[in-house]
Amino acid sequence: MATFVGAVLKYLCYSLYAVDEHGIHSPFIYTFYNQVIKNNSFVKVNEIELLRKQYEKNNTLIEQQDYGANPKNRPQKISDIARKSVSSLRINAIYYKIIQYTRPEVIIELGTCLGINTLYMSHACPQARIYTMEGCSTLAGICSQNFINKNITLITGNIDDTIQPLLDKLKKIDFVLIDANHTYLATTRYFDEIASRTHQNSVIVIDDISWSSGMMRAWKYIKKHPKVTLNLDLFRFGIVFFNKNLSKQTVMLKY
């Protein structure tokens, strides 16, 4: 009940204070908003959307190892996972446009699931190196066949154990999508570990920032992080920048 009330209050706040291009004063945010968030040039990738439909029709039961909040360590249909846990095309499109805009060389995704977001990121920036991390070996096995001959490295295992060895191997990190263990402790830990390796032009997206009280607390923590400057709050997800030339602030944006 408390989580529901908190989410309602956050949505009311978002509805009252979210702005579009007419309410944006920062030139950086104005450009980003118009070239990324409100840019309608995105065209869905038929190959990826066909795969999504196949998943949504696949009633095969699989064992799922879930390390996140409210773990569902029981057999689930692939179709249910595809409908409930995979980002919508609208969200895929925004992540796609962020990557096209920022042109990252190194991308990390926490939470591969069925790999739809991963494939869109690969399509958006085929020259980047993408490292996607999935805790469930069954899901990893399903989506791995779709990553063959692509710029994607799939890392399987509990992200608590696999993230630091990956970070130790990388000289820099340009773009990160955090969409994994939806608990306060895990999200803030992952963010701290990744933020220590960010640079001036790094961008981190945190999905489901309004999903639970834990995620809302995590978002508040992230906004106050000493390395973070600008935060863009789109209710469903947040976008974090580390550019020291930007004012430290949070702006709620309509989309």
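All heavy atoms count here, side chains included; hydrogens, waters and symmetry mates do not.
- Cluster membership check: Leu246 does not share its hydrophobic cluster with Val176, using side-chain heavy-atom separations under 4.5 Å among Ile, Leu, Val, Met, Phe, Trp and Tyr.
- Taking 4.5 Å as the limit, some side-chain heavy atom of Ile206 sits within range of a side-chain heavy atom of Val240.
- Across all non-hydrogen atoms, the minimal contact from Asn151 to Gln127 is ND2-N, 4.3 Å.
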Practice problem: Report the C-alpha distance between Trp219 and Asn231 in whole Å, list the side-chain angles of each, state the deciding distance to 0.1 Å, and finish with yes or no for side-chain hydrogen bond (donor to acceptor under 3.5 Å, both in side chains). | Solution: CA-CA 10 Å; Trp219 178 233; Asn231 305 280; over 6 Å; no
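- Counting only residues at least two apart or in different chains, side chain to side chain donor-acceptor pair (under 3.5 Å) contacts with residues 26-50 comprise Asn39-Ser41, Glu49-Arg52, Glu49-Tyr120.
- Donor-acceptor pairing under 3.5 Å is lacking for the side chains of Gln54 and Asn58.
- Annotation for Ala93 and Phe42: closest pair CB-CD2, 3.4 Å, computed over non-hydrogen atoms.
- Closest approach of Lys150 and Ser122 over heavy atoms only: CB-OG, 4.2 Å.
- For the pair Leu110/Ile163, a side-chain contact is recorded, criterion being any heavy-atom separation below 4.5 Å from C-beta on.
- Looking at Asp208 and Asp179, their side chains come closer than 4.5 Å, going by heavy atoms from C-beta outward.
- In this structure, the side chain of Gln145 engages the main chain of Ile142 through a donor-acceptor pair within 3.5 Å.
- Using modelled atom types, one finds no donor on one side chain facing an acceptor on the other under 3.5 Å when comparing Tyr96 with Asn117.
- In the hydrophobic clustering of ILVMFWY residues, with side-chain heavy atoms under 4.5 Å counting as a link, Ile130 and Val86 come out together.
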Exercise. Could you walk me through whether Ile108 and Ile173 pass the side chain to side chain contact (heavy atoms under 4.5 Å, CB included) test, one step at a time?
Key: CA-CA 8 Å; Ile108 297 177; Ile173 301 168; 3.9 Å; yes
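- A donor-acceptor pair under 3.5 Å is absent between the side-chain atoms of Thr112 and the main chain of Gly115, judged by distance alone.
- Salt bridge annotation for Asp192-Arg197: absent, with no cationic side-chain nitrogen under 4.0 angstrom from a carboxylate oxygen.
- Without hydrogens or angle criteria, Lys77 side chain to Asn59 main chain gives no donor-acceptor distance under 3.5 Å.
- With hydrogens and angles disregarded, no donor-acceptor distance shorter than 3.5 Å links the side chain of Ser247 to the backbone of Leu230.
- You'll find the ring centres of Tyr255 and Phe237 inside the 6.0 Å limit.
- Not a single donor-acceptor pair under 3.5 Å links the side chain of Asp174 to the backbone N or O of Ser202.
- Under a 3.5 Å cut-off, the side chain of Thr138 and the backbone N or O of Glu63 do form a donor-acceptor pair.
- Here the closest heavy-atom approach between residue Gln200 and residue Asn243 is recorded as NE2-OD1, 2.8 Å.
- When atom types are taken as modelled, the side chain of Ser144 and the backbone of Gly141 share a donor-acceptor pair closer than 3.5 angstrom.
- At a threshold of 4.5 Å between side-chain heavy atoms, the hydrophobic network of Ile, Leu, Val, Met, Phe, Trp and Tyr places Tyr95 and Ile204 in two separate groups.
- For CZ of Phe28, the number of neighbouring non-hydrogen atoms (other residues, nucleotides, ligands) closer than 6.0 Å is greater than 12.
- Residues Phe175 and Met121 meet the side-chain proximity criterion, which asks for heavy atoms closer than 4.5 Å.
- Side-chain atoms of Gln249 and Ile29, non-hydrogen and from C-beta on, do get closer than 4.5 Å to each other.
- Rounding to the nearest 0.5 angstrom, the gap separating the CG atom in Leu114 from the SG atom in Cys136 is 9.5 Å.
- Atom-to-atom distance recorded for Ile178:CD1 and Asn181:CG is 11.0 Å, nearest 0.5 angstrom.
- When side chains are defined from C-beta on, Leu170 counts as touching Arg129, because their heavy atoms get closer than 4.5 Å.
- With respect to Tyr131, the side chain to side chain contact (heavy atoms under 4.5 Å, CB included) criterion is satisfied by exactly one of Ile107, Leu154, Val106: Val106.
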Practice problem: Evaluate the criterion side chain to side chain contact (heavy atoms under 4.5 Å, CB included) for residue pair Ile209 and Lys10; output intermediate values, then yes/no. | Solution: CA-CA 10 Å; Ile209 59 173; Lys10 187 176 188 304; 4.3 Å; yes
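- If you chain together hydrophobic residues whose side chains sit under 4.5 Å apart, Val228 and Tyr190 fall into the same group.
- Classification of the Tyr221-His225 ring pair by plane angle, with boundaries at 30° and 60°, yields perpendicular.
- Here the NZ atom belonging to Lys57 is positioned 12.0 Å from the OG atom belonging to Ser79, to the nearest 0.5 angstrom.
- Shown here for Tyr55 and Cys143, the closest heavy-atom pair between the two residues is OH-CA, 4.1 Å.
- In the hydrophobic clustering of this structure, Val251 groups with Leu16; members are Ile, Leu, Val, Met, Phe, Trp, Tyr whose side-chain heavy atoms approach within less than 4.5 Å, directly or through other members.
- In the displayed structure, Lys220 atom NZ is contacted under 6.0 Å by at most 12 heavy atoms of other residues, nucleotides or ligands.
- The number of heavy atoms from other shown groups lying within 6.0 Å of NE2 (His25) does not exceed 12.
- Using a 4.5 Å heavy-atom cutoff, the side chains of Pro104 and Ile99 are in contact.
- In summary, the side chains of Lys248 and Thr229 do not present any donor paired with an acceptor at a separation below 3.5 Å, with no hydrogens or angles considered.
- Taking CZ of Phe32 as the reference point, atom CG of Leu232 lies at 6.0 Å (rounded to 0.5 Å).
- With rounding to the nearest 0.5 angstrom, the CD atom of Gln164 is 13.5 Å from the CD1 atom of Ile159.
- Between the side chain of Thr132 and the backbone N or O of Thr118, no donor-acceptor pair lies under 3.5 Å.
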Practice problem: Kindly indicate, with the supporting measurements, whether the criterion side chain to side chain contact (heavy atoms under 4.5 Å, CB included) is fulfilled by Val19 and Lys254. | Solution: CA-CA 6 Å; Val19 297; Lys254 295 179 180 178; 5.9 Å; no
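- Electrostatic pairing of Lys223 and Asp233 does not count as a salt bridge here, judged by no charged N lying under 4.0 Å from a carboxylate O.
- The minimum heavy-atom distance linking Thr102 with Val203 is given by the pair CG2-CG2, 4.0 Å.
- Here the side chains of Lys169 and Leu167 are not in contact, with every heavy-atom distance at 4.5 Å or above.
- Under a 3.5 Å cut-off, the side chain of Glu134 and the backbone N or O of Cys113 do form a donor-acceptor pair.
- Here Ile94 contributes atom CD1 and Ile37 contributes atom CD1; the two are 5.0 Å apart, rounded to the nearest 0.5 Å.
- Arg83 places no side-chain N or O within 3.5 Å of a backbone atom of Ile78 that could act as its donor or acceptor partner.
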